[in-house]
Each structure stands twice: as C-alpha cells, then as structure tokens.
Amino acid sequence: MTMEEFIDYQEKAFLTYFLTLIKNEARDAQEELDREAERKTNLSALSVPLDMLPGLSAEDVYEGLETIRTFFVRDMAVPVRDPLLGEAISSLPPKRREVILLFYFLDKSDPQIGALLHLDPKTINLRRRSALARLRDELEARKHEPK
C-alpha cells in the first residue's frame, strides 16, 4: 500500500465514522424531542373549568412595569404590559388588532377566530400575517426613534 492509498483509506474511514456519528446524533435528538412532546400538554388543550386556569399557570410581573394598555376583544380585557408593543398594537386597524389579540393573547386558533368573527380561517390567517408584518415595521420604526 502506498502512502497516497493509505491517506485515501484513512480519509474515507474518518468520513464514514463522522457521517455515522452525525446520523446517530440526529436520531438521538429526534428521539429526545419526541419524548419531550409526549410529556408536554398545551394549557389550552386541558379540559378544566375556566376558574381553575389561573392556578395552572404563572406570570412574571416586574416592578415598574404596570399595564400600559388594556384592549377589549369581545368583552374580554387583554392587558399588554410592554409599552412599545401596546403602542404598536394600538396603531393596527381594528379588524387586524382583534385577530392579533385573539390569536396571540387569548390563545385562539384560526378556525376558532373564524367561527367567532364569522369569517373563513384563510381570511383570518391573511389578516394575522399582514398585521404581523405591520407590527414588525411599527416596532422597528419605534425602536429607532429618538427618546
């Protein structure tokens, strides 16, 4: 065996070892994600009375960050504690604001929002995506404003 053949053999052996290692690590990571998914349950998937929900969750509240904005959606109060986010949400048109608040703050799905607003879920998805784009632009613009 010449030196070139030996080096070629070593490179191929290392490559085979390395690819096997990566494949096994990917499999292990996927198995871990699958095990974790089996243990977790979304809070919205629990069938418990509404009065018990506050005891099943926790919210961090920090000194000096009072509720800046409270929005009302279908007679439900939605507090937004981040002043920048509250201003950006208030700049949205009412229909898009309602979809954003229902989806992200009240944990409703597109079909649920569609049923509530008597609209097709595709329309809800379109409104949500356009509202997110506008929110992103608003937040970027406000982030760079002089204080």
Kindly give the heavy-atom pair with the smallest separation between [X] and [Y], and that separation in Å.
X: P111; Y: P121; value: CA-CG, 3.9 Å
X: S90; Y: R97; value: O-NH2, 3.2 Å
X: I89; Y: F71; value: CG2-CZ, 3.6 Å
X: R134; Y: S91; value: NH2-O, 3.1 Å

With a cut-off of 3.5 Å and sequence neighbours excluded, list every side-chain donor-acceptor pair involving residues 125-132.
residue : atom : partner : partner atom : Å
N125    : OD1  : R129    : NH1          : 3.2
N125    : ND2  : D110    : OD2          : 3.4
R128    : NE   : D110    : OD1          : 3.3
R128    : NH2  : D110    : OD1          : 3.4
R128    : NH2  : D110    : OD2          : 2.8
S130    : OG   : R96     : NE           : 2.9
S130    : OG   : L126    : O            : 3.3
S130    : OG   : R127    : O            : 3.1

Full working for side-chain contact (heavy atoms from CB on, under 4.5 Å) between V78 and L106: CA-CA 8 Å; V78 180; L106 297 176; 4.0 Å; yes
By side-chain hydrogen bond (donor to acceptor under 3.5 Å, both in side chains) - contacts of R74 (at least two apart):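 side-chain hydrogen bond (donor to acceptor under 3.5 Å, both in side chains) check on R74 returns E98.
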K122: partners by side-chain hydrogen bond (donor to acceptor under 3.5 Å, both in side chains), with sequence neighbours left out: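 None.
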Quick check for you: to the nearest 0.5 Å, what is the distance between [X] atom [atom1] and [Y] atom [atom2]?
X: L119; Y: I124; atom1: CG; atom2: CD1; answer: 4.5 Å
X: D120; Y: T123; atom1: CG; atom2: OG1; answer: 4.5 Å
X: L85; Y: F105; atom1: CG; atom2: CZ; answer: 5.0 Å
X: F18; Y: K23; atom1: CZ; atom2: NZ; answer: 14.5 Å

Which residues share a salt bridge (Lys or Arg N to Asp or Glu O under 4.0 Å) with E5, sequence neighbours left out: none
Salt bridge (Lys or Arg N to Asp or Glu O under 4.0 Å) involving R27 - partner list, sequence neighbours excluded: E31
Note: E140-R136 ion pair, threshold 4.0 Å (strictly below):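 Not counted as a salt bridge, because no side-chain N and carboxylate O are separated by less than 4.0 Å.
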Please list, one pair per line, the donor and acceptor atoms closer than 3.5 Å that link side chains of residues 7-14 to other protein atoms, with sequence neighbours excluded.
residue : atom : partner : partner atom : Å
D8      : OD2  : K12     : NZ           : 3.4

Residues D34, Q30; criterion side-chain contact (heavy atoms from CB on, under 4.5 Å); working and verdict: CA-CA 6 Å; D34 292 344; Q30 185 60 49; 3.0 Å; yes
M3 reachable from M1 in the ILVMFWY side-chain graph, under 4.5 Å edges: yes
Side-chain donor/acceptor of R69 to backbone N/O of V80, under 3.5 Å: no
